[in-house]
Amino acid sequence: YEFASPEWDDVSAEARDVCNRMLVQDPKERLTAKQVMELPWFSSASEELLASGFKGLKKFNARRKLQSIGAALLAQQRIAVLGDFQFDN
């Protein structure tokens, strides 16, 4: 697989290798979750690295929540406008 720039520029060759091995189409040749967790790369991941990954997930989740709130506010405004609308019989 090709890893696009700039998103993958800071990702190690070992991490890219793990991703490639998890993306194999043939399930018989693809790594299982257990095999991934037993890899030296995975087991040696530092707490700092894991923390930075969780920080990214939290940022993504916060952005998703903000988008949901915005959509809810727009829906509320539309409902309020429709509530004021008078239908002719």
Side-chain angles (χ1 to χ4, degrees):
Y1 294 95
E2 299 264 340
F3 297 100
S5 269
E7 294 82 11
W8 289 88
D9 289 349
D10 296 331
V11 178
S12 70
E14 295 86 4
R16 291 179 192 202
D17 180 57
V18 172
C19 289
N20 272 326
R21 294 168 65 189
M22 289 190 305
L23 294 172
V24 172
Q25 289 184 348
D26 184 354
K28 294 175 185 173
E29 294 185 26
R30 184 184 318 134
L31 289 177
T32 65
K34 182 179 180 187
Q35 289 171 320
V36 171
M37 293 181 74
E38 292 171 349
L39 291 172
W41 173 85
F42 190 83
S43 61
S44 67
S46 69
E47 287 187 25
E48 182 180 321
L49 177 62
L50 293 174
S52 70
F54 286 124
K55 184 178 179 182
L57 287 173
K58 285 181 181 180
K59 186 176 180 180
F60 171 78
N61 196 33
R63 185 178 302 131
R64 187 181 54 83
K65 285 181 181 180
L66 181 60
Q67 288 173 340
S68 296
I69 291 169
L73 289 172
L74 285 173
Q76 184 180 15
Q77 287 177 345
R78 289 180 182 150
I79 290 170
V81 168
L82 286 176
D84 293 339
F85 185 77
Q86 297 293 323
F87 290 99
D88 293 331
N89 290 335

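Numbers here are sequence positions counted from 1. These numbers were taken from a predicted model, which means no experiment stands behind them.
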*Under the side chain to side chain donor-acceptor pair (under 3.5 Å) rule, collect the residues that match up with Asp10, sequence neighbours excluded.*
none
*For Ile69, what residues pass the side-chain contact (heavy atoms from CB on, under 4.5 Å) criterion, not counting sequence neighbours?*
Leu73
*Pairs involving residues 5-32, ordered by first then second residue, that meet ring-ring contact (aromatic ring centres under 6.0 Å, His included) (sequence neighbours left out)*: Phe3-Trp8
*Taking only residues at least two apart or on different chains, which pairs with a member in residues 10-32 satisfy ring-ring contact (aromatic ring centres under 6.0 Å, His included)?*
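Qualifying pairs: none.
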_Please check if the number of heavy atoms outside Gln76 that lie under 6.0 Å from its CD is greater than 12._
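Incorrect, the count does not exceed 12.
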_Listed once per pair and sorted, the salt bridge (Lys or Arg N to Asp or Glu O under 4.0 Å) pairs that draw on residues 13-25, sequence neighbours left out_ =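 For residues 13-25: Asp17-Arg21.
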*ILVMFWY cluster, Ile79 and Leu74 together (side-chain gap under 4.5 Å)*: no
Show the atom names and distances, to 0.1 Å, of all donor-acceptor pairs under 3.5 Å that link a side chain in residues 29-36 to residues at least two apart or in another chain.
from  : atom 1 : to    : atom 2 : distance (Å)
Arg30 : NE     : Val24 : O      : 2.7
Arg30 : NH2    : Val24 : O      : 3.4
Arg30 : NH2    : Gln25 : O      : 2.8
Thr32 : OG1    : Gln35 : N      : 3.1
Thr32 : OG1    : Gln35 : OE1    : 3.4
Gln35 : OE1    : Thr32 : N      : 2.7

